[in-house]
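What follows is a single structure, written as structure tokens, with notes after it.
Remember, it's a predicted structure, so these values are computed and weren't measured experimentally.
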Amino acid sequence: MQEILAGKFAPLPLTLWPPKSLRIVDWNIERGQQLQGITDFLASANADILILQEVDVNARRTHRLNIAEEIGRKLGMNYVFGREFEELVQGSKNSPAYHGQATLSKWPISNPRLIRFAKQSHFWQPHWFLPKIEPFQERRGGRIALVAQINVAGRKLVTYNLHLESRGTDALRISQLEEVLADATRCDAECPVIVAGDLNLDASTEPVALTLARAGFQDAVASPRIPTTPAHGLLAGRRRIDWAFIRGPLRSSSGQVHGNVKASDHYPISFMLPR
């Protein structure tokens with residue numbers, strides 16, 4: 001499969017003027033295993049842009065569906081999907097399965113590309129001594145950022161959709177984040193830039209917060225103490241690891257963590273961008 005898939009399901013915009021505000025939702029959807037609950041929430045959110053992590057394509061656990069395409073079709077949105085891993089346990093030689101990030105929009109999406117991070121964990125690599133069965137998650141590939149340009153009635157907005165490494169140190173995750181921030185310097189200063197996703201770290205602490213501030217990014221949700229994951233067992237408590245940051249002439253409002261949504265092992269976060 002090619003590294004980027006795309007589909008167009010949004011009707012052509014009927015206005016030449018950008019809307020008064022844009023609603024953005026960021027969410028790790030846990031492969032799309034609870035697809036009905038996911039689409040129900042996203043439909044109710046009525047977002048203009050969706051930034052999704054852990055999105056399956058052709059995996060057994062999600063009924064061989066292209067999850068981004070299913071969401072795009074049901075919600076009437078365009079989508080791009082970036083391939084992160086080939087999931088060796090979830091597919092076969094003749095019918096491989098993939099896993100990655102998807103960005104969806106009611107507006108046209110252009111120039112999608114991947115940043116495949118230079119520094120990666122080797123945790124997911126296949127090993128001869130491990131059987132090709134669950135619960136082993138053997139994979140080929142590596143962590144990425146999916147970059148896309150959203151064209152809102154003649155105005156450009158750039159999104160960076162991140163999933164930083166879960167099996168590594170904060171130093172590894174920060175190095176991956178720094179690759180994204182370095183890439184974002186290519187964007188015009190007047191162009192709004194969104195960096196969002198599952199960072200697998202607390203971005204309100206140093207040195208992460210300072211790194212983001214120096215690059216000109218501000219927290220779009222501004223709820224650093226509200227967790228974005230439920231507790232997992234007795235040892236793993238609730239954590240704030242899902243974040244969205246913005247840079248440029250716009251300021252966010254109405255930031256929210258949707259802690260009542262149970263369709264994933266992460267909670268969605270959302271915010272508004274005024275025109």
How far apart are the closest heavy atoms of [X] and [Y], and which atoms are they?
X    : Y    : answer
S252 : F271 : CB-CD1, 3.9 Å
A68  : V55  : N-CG1, 3.8 Å
F81  : H99  : CZ-C, 3.9 Å
G37  : A263 : C-CB, 3.7 Å
L157 : C191 : CA-SG, 4.3 Å
W27  : H266 : NE1-O, 2.9 Å

Are the charged groups of [X] and [Y] less than 4.0 angstrom apart, N to O?
X    : Y    : result
R143 : E165 : yes
R61  : E87  : yes
E3   : R116 : yes
D202 : R225 : no

Donor-acceptor pair, side chain of [X] and main chain of [Y], under 3.5 angstrom:
X    : Y    : answer
S270 : V25  : no
Q2   : I4   : yes
R83  : G100 : no
Q176 : K119 : yes
T62  : R64  : no
S121 : R167 : yes
R247 : A184 : yes
R60  : G91  : yes

Side chains of [X] and [Y]: is there a donor and an acceptor less than 3.5 Å apart?
X    : Y   : answer
D40  : Q36 : yes
Q90  : N58 : no
K106 : N46 : yes
N94  : S92 : no

Between [X] and [Y], is any pair of side-chain heavy atoms under 4.5 Å apart?
X    : Y    : value
P19  : W107 : yes
T103 : L52  : no
Q218 : R251 : yes
E178 : T211 : yes
S110 : N151 : yes
D56  : H63  : no
V180 : V195 : yes
L162 : L177 : yes

Handout entry: K8 NZ: over 12 foreign heavy atoms closer than 6.0 Å
Key =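 Count not over threshold, so no.
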Nearest-0.5 Å distance that lies between atom [atom1] in [X] and atom [atom2] in [Y]:
X    : Y    : atom1 : atom2 : answer
I241 : N200 : CD1   : CG    : 4.5 Å
E69  : L104 : CD    : CG    : 10.5 Å
W243 : S223 : CH2   : OG    : 9.0 Å
E54  : S166 : CD    : OG    : 8.0 Å
Q53  : D242 : CD    : CG    : 6.5 Å
S21  : M272 : OG    : CE    : 3.0 Å

Handout entry: Aromatic ring pairing F9/Y79, orientation class (parallel under 30°, perpendicular over 60°, tilted between)
Key =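 F9 vs Y79 ring planes: parallel.
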Linking I/L/V/M/F/W/Y whenever any side-chain heavy atoms sit under 4.5 Å apart, do [X] and [Y] land together?
X    : Y    : value
F117 : L199 : yes
L172 : Y160 : no
M77  : I38  : yes
L146 : I51  : yes
L250 : I49  : yes

Exercise for the section: Could you please spell out the steps behind the side chain to side chain contact (heavy atoms under 4.5 Å, CB included) verdict for I150 and I109? Expected result: CA-CA 5 Å; I150 313 294; I109 304 173; 3.8 Å; yes
Exercise for the section: With side chain to side chain contact (heavy atoms under 4.5 Å, CB included) as the test, would you mind laying out the steps for I24 and D48 before giving the verdict? Expected result: CA-CA 6 Å; I24 291 90; D48 298 276; over 6 Å; no
Exercise for the section: Apply the test side chain to side chain contact (heavy atoms under 4.5 Å, CB included) to residues K74 and L35: give CA-CA distance (whole Å), side-chain angles for both, the deciding distance (0.1 Å), then the verdict. Expected result: CA-CA 11 Å; K74 290 177 181 178; L35 184 57; 4.0 Å; yes
Practice task
Please report the C-alpha distance between V147 and I115 in whole Å, then the side-chain angles of each, then the deciding distance to 0.1 Å, and finally whether the side chain to side chain contact (heavy atoms under 4.5 Å, CB included) criterion is met.
Solution key: CA-CA 8 Å; V147 190; I115 301 171; 4.0 Å; yes
Exercise for the section: Using the side chain to side chain donor-acceptor pair (under 3.5 Å) rule, pick out the option among N161, T229, N28 that qualifies with D198. Expected result: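 Per the side chain to side chain donor-acceptor pair (under 3.5 Å) rule, the option paired with D198 is N28, out of N161, T229, N28.
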